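Here's the structure, in structure tokens; my notes come after.
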Amino acid sequence: MPDLITHTKQDENRQGETYAPFVNDPVAYGKKFYIESYGCAMNFSDSEIVASILNESGFGATRNYEEADLILINTCSIREKAEQTVRKRLSDLRTVKEEKPGALIGVLGCMAERLKSKLLEEEKLVDLVVGPDAYRTLPGLIEEAAEGQKAVNVLLSREETYADIAPIRLNSNGINAFVSIMRGCNNMCSFCVVPFTRGRERSRDADSIVKECQDLFNQGYREVTLLGQNVDSYYWSSGINGEHIVTFAELLERVALVNPLLRVRFSTSHPKDINDDVLYTIAKYENICKYIHLPVQSGSTRILQLMNRTYTREWYMAKVDRIMKIIPDCSISADIIAGFCTETEEDHQDTLSIMEYSKYDYAYMFFYSERPGTLAARRYKDDIPEDLKKRRLEEIINMQRKLSHESNMKDLGKTVKVLIEGDSKKSANDWMGRTSQYKVVVFPKGGHALNKGDYAMVTVTECTGGTLIGHIVE
Ligand code: SAH
Ligand code: SF4
Ligand code: F3S
């Protein structure tokens, strides 16, 4: 059983242990680099910053690692399996190094940060180890590595946001783009490695964010996803005495005002930080998507306390009520961990019942994986046997299947506004797009003169698996 559940192929880009080769004109550059990204959207977004830094220093991208002078793996440490996937990938690259000894191999991202120079001892073929806040130093590190030294920079920063770097969009469909608005995390969820691999929280200059969104719109993009580990704690002050404060609600509003045709999404919210200001802003603007990812992790107050999530079951349920009151058509999704330390059958039942209460449209479900150095690893025993973790995870997955199906059934007969993202996977005669609630809709192109990036009003007639099927309203 996988420890990661995805609902659609597209969702893999959010939290999949997937990789993303891409094309970008390598002819104009003397040297070629290849990059693969694993983990969350932040990592995919960081790879686009890395691509920009490398372009500046004369490297063009290739989608074929065999012809690359520099192979980079942007890694994830969130669960043990994520690290195993990367290790396996590194061992696949051994043959490349044998055939092209001059090629350099670099590990970026969270595994680089977690393991630091230890990674060089463990993985002999790695030449470079670069943490998430050190990408500006890549050109110098590449030179050092090319001279035969092992190059490492894993310094975390309190300021770095790469605000001035224009990302090179990788693997893009030209419609949806990630825009990083903050980095790091100041929460200390006891299970989580992110505060150790990403450092302290810091927000990016609001003006540079709005400008990036405006530029994307001008280039034809129609949806931006504002990214951060905890976007609701976004906070930017400007002016001589820091008198202009921009909160997340205000930033959201400024981005929504870029153009009514630009859809705005954001990820991820911590339940404790998403406030009424944010909810009213979502309700106010049609182009801010009615979709909130609100990770619950567990439905048991006792487990939530051990996880250091700082809310109780009742508090979370009240937050769900508040969202539905202010934004009645909002869809909600969650992250859930099965089998955290000391979890009893009763705690597990609490998770199943909070799922039913919240009526999640989607969920990303995992079983607990102990991460070295975290609070939980130091304080609690990882005492739930693997088969029990898996059984509970399976029950959680089955519950979510039921909830997703019920949610889709409710859409039958409705007419929804769909942003067209491209051809459907199965047929070039059909479009695929998404609703504001993030649901995938497939419908025949018919005789309508529509293009990727256009909006269509579609009546939903059936649903198969996670996909709604419909037809354009005449
Ligand atoms: N900052 C985001 C989450 C980032 S990690 C947030 O707080 O919402 C994405 C998800 O991975 C988490 O929400 C959690 O459900 C899961 N996760 C994190 N650490 C884990 C671990 N040690 N074992 C299993 N799942 C984990
Ligand atoms: Fe990890 Fe918690 Fe921070 Fe999310 S909020 S990144 S789960 S520590
Ligand atoms: Fe993984 Fe790092 Fe993201 S651990 S989930 S890539 S912040």
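Keep in mind that what you see is a predicted model, and the values were worked out from it rather than measured. Indexing begins at 1, ligand by ligand and atom by atom, following the structure's order.
Contact annotation for Cys40 and ligand 3: heavy atoms of both the backbone and the side chain come within less than 4.0 Å of the ligand. Proximity of Met42 to ligand 2, defined as any heavy-atom pair under 4.0 Å, is not found for any part of the residue. Here Val194 has side-chain heavy atoms under 4.0 Å from ligand 2, and that is the only part of it that gets that close. By the criterion of a heavy-atom distance under 4.0 Å, the side chain of Pro195, and not its backbone, is placed next to ligand 2. Contact annotation for Met42 and ligand 3: no heavy atom of the residue comes within less than 4.0 Å of the ligand. Residue contacts with ligand 1 for Ile78 involve both N, CA, C or O and side-chain atoms from C-beta outward (heavy atoms, distance under 4.0 Å).
In this structure, Phe248 has its ring center under 6.0 Å from that of Phe266.
For the pair Ser77 and ligand 3, a heavy-atom separation below 4.0 Å is found. Under the 4.0 angstrom criterion for non-hydrogen atoms, Met111 is not in contact with ligand 3. Using a 4.0 Å heavy-atom cutoff, Tyr364 is absent from the residues neighbouring ligand 1. Assignment of Arg371 to the shell around ligand 1 is supported, since a heavy atom sits closer than 4.0 Å. Distances from ligand 1 to the non-hydrogen atoms of Asn230 include no value under 4.0 Å.
Closest to atom 5 (S) of ligand 2 among all protein heavy atoms lies Asn187 ND2, 3.4 Å. Residue, atom and distance of the protein heavy atom nearest to atom 1 (Fe) of ligand 2 are Cys192 SG, 2.3 Å.
At a cut-off of 2.8 Å, Cys185 is not counted among the residues with an N, O or S atom near atom 2 (Fe) of ligand 2.
The pair Arg202-Asp133 meets the salt-bridge criterion, since a charged nitrogen lies less than 4.0 angstrom from a carboxylate oxygen. Taking 4.0 Å as the cut-off between side-chain N and carboxylate O, Arg392 and Glu345 count as a salt-bridged pair. Glu212 has a carboxylate O that lies under 4.0 Å from a charged side-chain N of Arg204, or vice versa, which qualifies the two as a salt bridge. Salt-bridge check for Asp387 with Lys390: failed, with every basic side-chain N at 4.0 Å or more from each acidic carboxylate O.
Within ligand 2, counting atoms from 1 as listed, the ones closer than 4.0 Å to a heavy atom of Cys189 are 2 (Fe), 5 (S), 7 (S), 8 (S).
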